[in-house]
Amino acid sequence: MGELKVYNSLSREKEVFKSMTPGLVGMYVCGPTVSGESHLGHARPYITFDVIYRYLMHLGYKVRYVRNITDAGHFEEEGREAEDKISKKAVLEKLEPMELVQKYTNLYHWAMNQFNCLPPSIEPTATGHIVEQINMIEKIIADGYGYVVNGSVYFDVMKYAETHDYGKLSGRVIDEQLETTRDLEGQEEKRNKADFALWKNAAPEHIMRWKSPWGIGFPGWHIECSAMSTKYLGEQFDIHGGGMDLLFPHHESEIAQSTVCNHVPPVRYWIHNNMITINGRKMSKSLNNVIKLTEMFSGNHPMVEKAYHPMTIRFFILQTHYRSTLDFSNEALQGAEKGLKRLWEAYENLGKLRDAGYEMRDDQVDTDLESRITKLVSEFDEFMNDDFSTAKVLANMFELVPLINSMKDKTIPVSSLSKETFGLLQKQMKTFVEDIFAFKSINEEDNEKLRGVMQLLIDIRKEARGRKDFVTSDKIRNQLHRLGISLKDEKDGSISWSIE
RNA sequence: GGUCCUGUGGCCGAGUGGCUAGGCUGAGCUCUGCAAAAGCUCCUACAGCGGUUCGAAUCCGCUCGGGACCUCCA
């Protein structure tokens with residue numbers, strides 16, 4: 001197997017991935033701010049990094065996957081009236097802050113579960129790590145990179161930039177940053193515009209507040225990730241992921257804070273996913289064009305024509321490379337839905353072929369077909385190793401679909417594959433479809449009783465067809481169709497059914 | 001304004017200089033009591049203009065269009 005290459009945002013090129021400790025990988029991904037419901041845009045990083053997580057494990061790594069929950073609330077905007085997002089909304093909804101946090105955390109976990117995303121190894125919360133954050137800020141002050149003004153602490157970017165490259169991740173030049181003229185309140189506290197808050201003095205109306213050496217306040221925008229990643233992954237770790245919109249200032253500042261504290265760059269590989277757009281524009285709260293996940297799943301949104309299954313969204317996202325933008329449209333989603341259905345059915349057919357226990361006879365092997373299948377299936381690994389090219393893996397799977405279906409229909413005899421090739425095909429499909437891409441059946445979970453009823457109807461229909469009583473057989477099929485259950489007469493005379 | 005990304009067939013999207021990705025839609029055919037599914041075939045695109053090259057969607061330049069970041073943001 002070749003080596004894994006990942007695109008590192010830091011170097012702007014694909015690099016061979018080598019973990020710091022052989023066999024082990026530390027990965028930190030920026031998690032949600034639980035002050036509201038997750039939307040379609042949020043689904044992208046979680047699904048992207050879920051597949052990366054699963055693929056790393058597939059490669060044999062033991063991965064510690066840390067994904068935080070931001071429950072402390074950050075400011076709406078620097079310098080403006082310091083509003084703690086969570087406390088503000090709590091007042092509106094007349095909820096305790098923690099009640100709100102709990103509600104949206106639960107909802108977020110539910111959505112991740114719907115997407116079949118594995119839970120991270122550790123899911124630390126910002127409020128649970130105030131002490132660590134304060135410790136880190138103290139260290140930064142002691143080293144001379146932080147200064148205290150009126151109970152707030154700021155990071156001295158100019159001083160840092162004297163000896164470090166602030167802006168290396170986001171490609172920013174610090175002098176240009178300073179030229180940007182923005183008259184914002186509270187700026188006068190900072191020595192320089194580029195400085196950012198490590199700790200913020202809390203106004204009396206703030207509900208979320210903690211004691212600190214500098215007074216009552218709350219942590220700054222970026223410190224939680226630095227504190228928690230250091231705590232659980234060490235001063236330097238392998239992968240840090242998140243959306244591209246976090247490159248600046250969030251990740252840039254994380255690098256600065258951690259570097260000052262630990263005297264070593266925190267992250268070896270920065271991986272950033274691109275945005276989901278809607279009508280060509282990024283989906284985000286500030287642009288007011290978000291579709292919440294619950295709305296996607298229910299179809300209850302003016303822009304959403306029908307309910308989309310979480311697996312459809314997962315497939316939709318994996319059909320594109322994670323560093324490309326992905327445009328939302330009903331047409332595209334419905335295309336994804338049909339594609340996934342076809343892929344999944346072929347995958348199930350492949351499983352049935354195995355269960356049928358065909359005799360493999362090596363004397364009938366079609367070598368051309370064999371080499372074609374072997375190539376398609378081996379490229380799964382190759383493509384994933386090339387910066388997680390899930391789109392190409394899916395393309396190959398779709399080239400296999402007609403072959404598998406033809407074997408099922410016996411247009412291609414199963415015996416034209418050697419036992420080895422057939423086994424390889426099944427193993428690779430199982431590994432990638434279920435274990436790495438983690439697709440699941442989009443059909444409703446069928447229960448035993450329903451199965452029994454369906455079998456009864458199928459038997460009756462078979463008998464009717466045997467008598468050429470097409471009135472009865474069509475009635476059964478048509479009525480079921482109206483209920484959203486479709487029957488298919490297979491070529492071998494059996495009847496299969498699926499819920500639409 | 002600064003930095004960066006991007007423009008592929010009806011739609012969504014891969015694309016490493018040469019060997020027409022793939023999905024969805026549409027059309028035709030095969031199979032079939034009919035239907036659905038499935039299989040086969042077809043619709044062969046790279047914003048525009050120049051340049052480099054034997055050869056460019058792919059490299060370079062310009063023009064036009066779209067976007068991201070520079071402020072909370074996945």
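So that the names make sense, note that chain A is the first sequence line, chain B the second, and so on, each numbered from 1.
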Next item on the list: Using the six-membered ring wherever Trp is involved, compare the ring planes of A/Y28 and A/F237 and label them parallel, tilted or perpendicular (cut-offs 30° and 60°).
Entry: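 Taking A/F237 first and then A/Y28, their aromatic rings sit tilted (interplane angle of 30° to 60°).
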Notebook entry, point to check: Would you call the rings of A/H222 and A/F196 parallel, tilted or perpendicular, where under 30° means parallel and over 60° means perpendicular?
Noted result: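 Perpendicular.
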Whole angstroms only, please: what is the [atom1]-[atom2] distance between [X] and [N]?
{"X": "A/I276", "N": "B/G67", "atom1": "CD1", "atom2": "C1'", "answer": "15 Å"}
{"X": "A/N289", "N": "B/A74", "atom1": "CG", "atom2": "C1'", "answer": "13 Å"}
{"X": "A/F380", "N": "B/A21", "atom1": "CZ", "atom2": "C1'", "answer": "14 Å"}
{"X": "A/E399", "N": "B/C40", "atom1": "CD", "atom2": "C1'", "answer": "15 Å"}
{"X": "A/L40", "N": "B/A74", "atom1": "CG", "atom2": "C1'", "answer": "11 Å"}
{"X": "A/R342", "N": "B/A38", "atom1": "CZ", "atom2": "P", "answer": "6 Å"}
{"X": "A/W221", "N": "B/C73", "atom1": "CH2", "atom2": "C1'", "answer": "14 Å"}
{"X": "A/H251", "N": "B/U3", "atom1": "NE2", "atom2": "P", "answer": "24 Å"}

Notebook entry, point to check: Is the distance between the ring centroids of A/H251 and A/H272 less than 6.0 Å?
Noted result: yes
Item checked: Close aromatic pair by centroid cut-off 6.0 Å: A/H240 and A/Y269 ->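 Centroid separation for A/H240 and A/Y269: 6.0 Å or greater.
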Note to self: For A/F49, does the six-membered ring have the charged nitrogen or CZ of A/R67 within the cation-pi criterion, i.e. under 6.0 angstrom from the centroid and within 45° of the normal?
What the structure shows: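 No cation-pi geometry.
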Notebook entry, point to check: Are A/R323 and A/F388 in a cation-pi setup, meaning NZ or CZ lies under 6.0 angstrom from the ring centre and within 45 degrees of the ring axis?
Noted result: no
Counting side-chain heavy atoms from C-beta on, which of [options] comes nearest to [X]?
{"X": "A/K338", "options": "B/G39, B/U25, B/A74", "answer": "B/U25"}
{"X": "A/P249", "options": "B/U71, B/G39, B/U25", "answer": "B/U71"}
{"X": "A/A395", "options": "B/G39, B/C72, B/G22", "answer": "B/G22"}
{"X": "A/H42", "options": "B/C73, B/A38, B/G33", "answer": "B/C73"}
{"X": "A/K488", "options": "B/A74, B/G39, B/A37", "answer": "B/A37"}

What is the nucleic acid contact for [X], judged by heavy atoms within less than 4.0 Å: base, sugar-phosphate only, or nothing?
{"X": "A/G242", "answer": "sugar-phosphate"}
{"X": "A/L340", "answer": "nothing"}
{"X": "A/M275", "answer": "base"}

Next item on the list: Compare the aromatic ring of A/F398 with the six-membered base ring of B/G23 and state whether they stack according to the 5.5 Å and 30° rule.
Entry: no
Please give the distance between the [atom1] atoms of [N] and [M] as a whole number of Å.
{"N": "B/C4", "M": "B/C40", "atom1": "C1'", "result": "46 Å"}
{"N": "B/G65", "M": "B/C73", "atom1": "P", "result": "32 Å"}
{"N": "B/U52", "M": "B/G13", "atom1": "P", "result": "34 Å"}

Checklist line | A/D489 and A/R461 ion-paired at < 4.0 Å | finding: yes
Margin query: Can you tell me if A/R281 touches the phosphate of B/G67, counting only side-chain N or O atoms and a distance under 4.0 Å to OP1 or OP2?
Written below: yes
Next item on the list: List in chain and number order the residues that pass salt bridge (Lys or Arg N to Asp or Glu O under 4.0 Å) with A/K468, two or more places apart in sequence or in another chain; answer none if no residue qualifies.
Entry: none
Check: Looking at residues at least two apart in the chain, or sitting in another chain, which of them share a salt bridge (Lys or Arg N to Asp or Glu O under 4.0 Å) with A/E399?
Finding: A/R372
Checklist line | RNA chain B stem ranges, 3 or more consecutive Watson-Crick or G-U pairs under 3.5 angstrom | finding: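 Listed by first number, the stems are B:1-7 with B:64-70, B:10-12 with B:22-24, B:26-30 with B:38-42, B:47-51 with B:59-63.
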Notebook entry, point to check: Does A/R54 have any side-chain hydrogen bond (donor to acceptor under 3.5 Å, both in side chains) partners at least two apart in sequence or in another chain, and if so, which?
Noted result: A/D50
State which residues pass ring-ring contact (aromatic ring centres under 6.0 Å, His included) with [X]; sequence neighbours excluded, sorted by chain then number.
{"X": "A/F383", "answer": "none"}
{"X": "A/F316", "answer": "none"}
{"X": "A/F115", "answer": "A/F297"}
{"X": "A/W344", "answer": "A/Y347"}

Notebook entry, point to check: Looking at residues at least two apart in the chain, or sitting in another chain, which of them share a side-chain contact (heavy atoms from CB on, under 4.5 Å) with A/I460?
Noted result: A/L456, A/I476
Check: With no hydrogens and no angle check, is any side-chain donor or acceptor of A/D71 less than 3.5 Å from a backbone partner on A/T125?
Finding: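 No.
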Note to self: Closest-nucleotide mapping onto RNA chain B: is A/R461 or A/T411 further toward the 5' terminus? I mean the 5' end.
What the structure shows: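 Closer to the 5' end of RNA chain B: A/R461.
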Margin query: Between A/L246 and A/G335, which residue's closest nucleotide on RNA chain B lies nearer the 5′ terminus?
Written below: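 Of the two residues, A/G335 wins.
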Notebook entry, point to check: Among residues 471-486 of chain A, which residues get a heavy atom nearer than 4.0 Å to RNA chain B?
Noted result: A/S473, A/D474, A/R477
Next item on the list: Report, as a single string ordered 5' to 3', how protein heavy atoms within less than 4.0 Å touch nucleotides 5-17 of chain B: B base, S sugar-phosphate only, - not at all.
Entry: ------SSSS---
Report each atom pair, protein N/O against N/O of nucleotides 27-30 of chain B, whose distance is under 3.5 angstrom.
none

